[in-house]
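Below is one structure; the comments refer to it alone.
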Amino acid sequence: MIFVKLKLITRVLEMLSFIVGLAGCIMIFMKIELPTMMFPICTLLLVITSMSAFIKTRKLIKLAYPLFIIYFLLAMPIILDFIKNKILSFGFVALSFVIAIIYIYRELITSSKEKELSR
């Protein structure tokens, strides 16, 4: 019974996180200033959903997603302040993005293989 409630709450939080992220992307494309509370809310929703995914799957790798968000929102702007060359800073951002995409792709592939094996 508790697991069913946890699964329902997780699904609602995932949908809420998706809606907030989509609204943020739309606001960025429309060049509207993002509310300052949007970043902590998104990060908090992502931490909660990744913790519930960790509880559900018992895989520590699920806890890395909030670390990606914290890195891209907090650490990267601080690091880019120290890099004065625009080409180097663009290369650093591109490299960070590629590493994150490879990690997420690898995680999706392993999780889909596990789902196929369980069937």
Side-chain angles (χ1 to χ4, degrees):
M1 184 73 176
I2 294 174
F3 184 71
V4 173
K5 288 182 181 179
L6 179 66
K7 192 172 183 179
L8 181 65
I9 291 171
T10 304
R11 178 67 67 195
V12 169
L13 288 176
E14 286 173 353
M15 285 191 284
L16 187 62
S17 177
F18 176 75
I19 291 169
V20 168
L22 190 62
C25 288
I26 290 170
M27 290 175 76
I28 288 172
F29 286 131
M30 292 177 66
K31 298 186 191 275
I32 299 173
E33 187 174 328
L34 295 172
T36 55
M37 285 305 296
M38 189 173 235
F39 295 120
I41 289 172
C42 286
T43 306
L44 186 64
L45 285 173
L46 190 61
V47 167
I48 291 170
T49 54
S50 67
M51 288 295 281
S52 62
F54 168 68
I55 291 169
K56 191 172 17 176
T57 61
R58 300 282 189 238
K59 290 186 179 183
L60 195 60
I61 203 161
K62 298 288 184 185
L63 298 176
Y65 296 120
L67 295 177
F68 279 135
I69 297 297
I70 291 169
Y71 170 74
F72 280 112
L73 292 179
L74 297 176
M76 189 176 285
I78 294 171
I79 292 170
L80 291 178
D81 284 342
F82 292 114
I83 301 174
K84 300 299 180 194
N85 191 346
K86 293 290 182 185
I87 295 173
L88 283 177
S89 63
F90 179 74
F92 179 75
V93 170
L95 181 66
S96 299
F97 182 73
V98 167
I99 290 171
I101 292 297
I102 289 172
Y103 175 82
I104 292 170
Y105 176 75
R106 197 176 124 237
E107 169 64 26
L108 288 174
I109 292 297
T110 56
S111 66
S112 67
K113 285 182 181 178
E114 288 175 357
K115 285 181 183 178
E116 287 178 6
L117 290 176
S118 67
R119 292 180 186 173

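Excluded from the calculations below are hydrogen atoms, water molecules and symmetry mates; all remaining heavy atoms, backbone and side chain alike, are included.
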*CZ of Phe92 to CD1 of Ile79: how many Å apart, nearest 0.5 Å?*
4.0 Å
_Partners meeting side chain to side chain contact (heavy atoms under 4.5 Å, CB included) with Ile99 (sequence neighbours left out)_ = Leu95
*Give the cluster check for Ile78 versus Leu80: same hydrophobic cluster or not, with ILVMFWY residues linked at side-chain heavy-atom distances below 4.5 Å.*
no
*Linking Ile, Leu, Val, Met, Phe, Trp and Tyr by side-chain heavy atoms under 4.5 Å, what else ends up with Phe90?*
none
*Listed once per pair and sorted, the side chain to side chain donor-acceptor pair (under 3.5 Å) pairs that draw on residues 95-105, sequence neighbours left out*: Tyr71-Ser96
*Among Ile, Leu, Val, Met, Phe, Trp and Tyr joined by side-chain contacts under 4.5 Å, find the other residues sharing a cluster with Met15 and list them by chain and number.*
none
*asked:* My understanding is that only residues two or more places apart in sequence, or in another chain, count here; which of them pass side chain to side chain contact (heavy atoms under 4.5 Å, CB included) with Ala100?
replied: Phe68, Phe72
_The criterion is side chain to side chain contact (heavy atoms under 4.5 Å, CB included); which residues satisfy it with Ile101, sequence neighbours excluded?_
Phe97
*Hey, could you give me each pair passing side chain to side chain donor-acceptor pair (under 3.5 Å) that has a residue in residues 74-89? Not counting sequence neighbours.*
none
_Under 4.5 Å side-chain linkage, directly or through intermediates, the cluster mates of Ile19_ = none
